[in-house]
Amino acid sequence: MIKIEKFKETVHVRSYHPDVDVEDVVEVKNLPLVRFSSHERPFFMFENHCQNPDCDCNETVLAFNEIDETGAQITSPITFDITLDHFTWQEKRKIKRPKEIQSLIDEFVSDLPDEMKSEFKEHYNNTKAESRNMAKFELPVEDVYAGKIVSYTDVFGDDGSILSGGTGVSFLVEYEGVKLFVDDQYCIDPKCDCDAVRLIFLKVDEGTGIAYDMFAIRVPFQNEIEIEDKLARYTKEEIEMIYDHWLKSDPEIMDILETRYMKMKRVGQSLVERHPSKKPHKHTAGVGQKKIGRNDPCPCGSGKKYKKCCGKPK
């Protein structure tokens, strides 16, 4: 009999993204931990789904990695992958394996709870929907290379960002009786390592539906926030209090933003690959703006000098 639970501690997972040629270590929380009645040590379970919007594979790929909960190093940890068919919930492509591993797989397949099956289907459908939205999204490649900031909901939302005339917003925060919507935006140049998100906090008039910018901040994932004074309708202290309140209301927000950052970089890479004839160029800060000097701040908003960010040799 298997038992599936959430691992309470943060796990550092090394992952490689070939589409943007990036290898990074991400912190993963609530990673599924599978315990088998027939095996002493548990296994981390990693879930993956096909991201081809035109493929109707209807399957979930699971990778299992044996761990020692005491933190001790396992000399030869057991690892294996299985592909589950969403219709039969059996292995879709069986291969010859050692008897011990096949026994674990048989136990997992026979004891998989209906709740987990529903979650796998939901995650698969969400992945496909996001892939279709990403495939439909268009932006001039020149804007990609120029580090254009793009709202997440303009790419992955069903009706676009509220800032571009749609109705989509990513987050909601309530502070002292006031509802504020949060739009998250990213530089999608796949060669830029700005490692940050721009957040616009908005107030929507319930009568007219018009959204008003209240303040904007840039959040480098490794540094303190930077407030854009020109948009601010609150004091610096109020902005910091609202932002802190928002983070405390949902401890997973930063993890979500960092995951979205990587997804938006893949969006930029996808656009570049669709138009291979368009080559990177020494871009400017935008249409009608002056040429960027090597020691000027990078227009992507990273806070770095242009020569050390988007202006690095490609």
Side-chain angles (χ1 to χ4, degrees), residues 1-20 23-69 74 76-135 156 158 252 255-256 258-260 262-263 266 270:
M1 179 69 68
I2 64 169
K3 181 180 179 182
I4 303 175
E5 58 193 57
K6 300 294 185 182
F7 191 67
K8 296 179 180 179
E9 298 180 22
T10 299
V11 179
H12 292 81
V13 179
R14 184 177 300 277
S15 59
Y16 177 65
H17 308 276
D19 45 0
V20 290
E23 183 178 64
D24 62 349
V25 177
V26 296
E27 293 185 350
V28 180
K29 298 177 182 177
N30 297 319
L31 191 65
L33 190 71
V34 181
R35 299 184 187 277
F36 295 86
S37 59
S38 60
H39 193 76
E40 178 184 1
R41 286 188 286 260
F43 290 75
F44 281 141
M45 182 177 72
F46 300 89
E47 178 184 350
N48 292 287
H49 298 282
C50 168
Q51 297 184 21
N52 182 348
D54 299 320
C55 175
D56 58 357
C57 52
N58 271 294
E59 62 188 35
T60 294
V61 180
L62 301 173
F64 294 80
N65 286 46
E66 183 185 21
I67 68 162
D68 188 311
E69 291 180 277
I74 304 176
S76 299
I78 296 175
T79 63
F80 59 91
D81 299 341
I82 62 174
T83 301
L84 290 178
D85 187 299
H86 288 174
F87 297 107
T88 65
W89 293 108
Q90 299 296 313
E91 269 198 278
K92 201 163 186 176
R93 289 176 286 277
K94 286 193 174 184
I95 60 174
K96 188 174 181 180
R97 302 184 178 94
K99 185 176 179 180
E100 179 183 11
I101 292 178
Q102 188 60 54
S103 176
L104 293 173
I105 292 174
D106 292 341
E107 182 180 347
F108 180 84
V109 170
S110 64
D111 294 340
L112 185 63
D114 290 340
E115 180 182 357
M116 186 62 70
K117 295 176 184 177
S118 297
E119 285 187 17
F120 289 157
K121 281 188 175 181
E122 180 183 356
H123 297 165
Y124 169 86
N125 290 331
N126 290 341
T127 299
K128 288 297 185 182
E130 288 187 346
S131 297
R132 286 190 291 270
N133 286 337
M134 188 171 77
F156 294 107
D158 292 330
E252 295 185 2
D255 294 330
I256 293 172
E258 290 194 55
T259 298
R260 289 185 170 192
M262 292 304 302
K263 288 170 66 175
R266 292 197 283 274
S270 175

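We count residues from 1, following the sequence as given. If you're wondering where the values come from, they're calculated on a predicted model, not measured in any experiment. No hydrogens, no waters, no symmetry mates; every other heavy atom, side chains included, goes into these values.
- Within 6.0 Å of atom NZ in Lys3, 12 or fewer heavy atoms from other residues, nucleotides or ligands are found, so the atom counts as exposed in its surroundings.
- Partners of Lys128 by side-chain hydrogen bond (donor to acceptor under 3.5 Å, both in side chains), not counting sequence neighbours: none found.
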Next item on the list: Start with the C-alpha distance between Phe156 and Arg260, add both sets of side-chain angles, then the distance that settles side-chain contact (heavy atoms from CB on, under 4.5 Å), and finish with yes or no.
Entry: CA-CA 10 Å; Phe156 294 107; Arg260 289 185 170 192; over 6 Å; no

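- Tested against His49 for a side chain to side chain contact (heavy atoms under 4.5 Å, CB included), the candidates Thr60, Asn125, Asn126 yield a single pass: Thr60.
- Ring geometry for Phe64 versus Phe43: interplanar angle over 60°, hence perpendicular rather than tilted (30 to 60°).
- When the side-chain hydrogen bond (donor to acceptor under 3.5 Å, both in side chains) test is applied to Glu122, no partner is found at least two apart in sequence or on another chain.
- We find the CD-CZ distance between Glu100 and Phe80 to be 9.5 Å, quoted to the nearest 0.5 Å.
- A salt bridge links Arg97 with Glu91; the closest basic N to acidic carboxylate O contact falls under 4.0 Å.
- Ser38 meets the side-chain hydrogen bond (donor to acceptor under 3.5 Å, both in side chains) test with Glu107; sequence neighbours excluded.
- In Glu115, the CD atom is not crowded: 12 or fewer heavy atoms of neighbouring residues, nucleotides or ligands sit closer than 6.0 Å.
- The salt bridge (Lys or Arg N to Asp or Glu O under 4.0 Å) test applied to Asp56 returns no partner, not counting sequence neighbours.
- Among residues two or more places apart in sequence or in another chain, the side-chain hydrogen bond (donor to acceptor under 3.5 Å, both in side chains) test is passed with Glu119 by none.
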Next item on the list: Determine, step by step, whether Trp89 and Leu84 satisfy the side-chain contact (heavy atoms from CB on, under 4.5 Å) criterion, reporting the C-alpha distance in whole Å, the side-chain angles of both residues, the deciding distance to 0.1 Å, and the verdict.
Entry: CA-CA 6 Å; Trp89 293 108; Leu84 290 178; 4.3 Å; yes

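- For the residue pair Gln102/Asp106, the side-chain donor-acceptor check at 3.5 Å is satisfied.
- Of the residues listed (Ile82, Val61, Asp85), the one engaging Lys92 in a side chain to side chain contact (heavy atoms under 4.5 Å, CB included) is Asp85, and it is the only one.
- The salt bridge (charged side-chain N to carboxylate O under 4.0 Å, His left out) contacts involving residues 36-45 comprise Arg41-Glu66, where partners must be two or more places apart or lie in separate chains.
- Without hydrogens or angle criteria, Ser131 side chain to Gln51 main chain gives a donor-acceptor distance under 3.5 Å.
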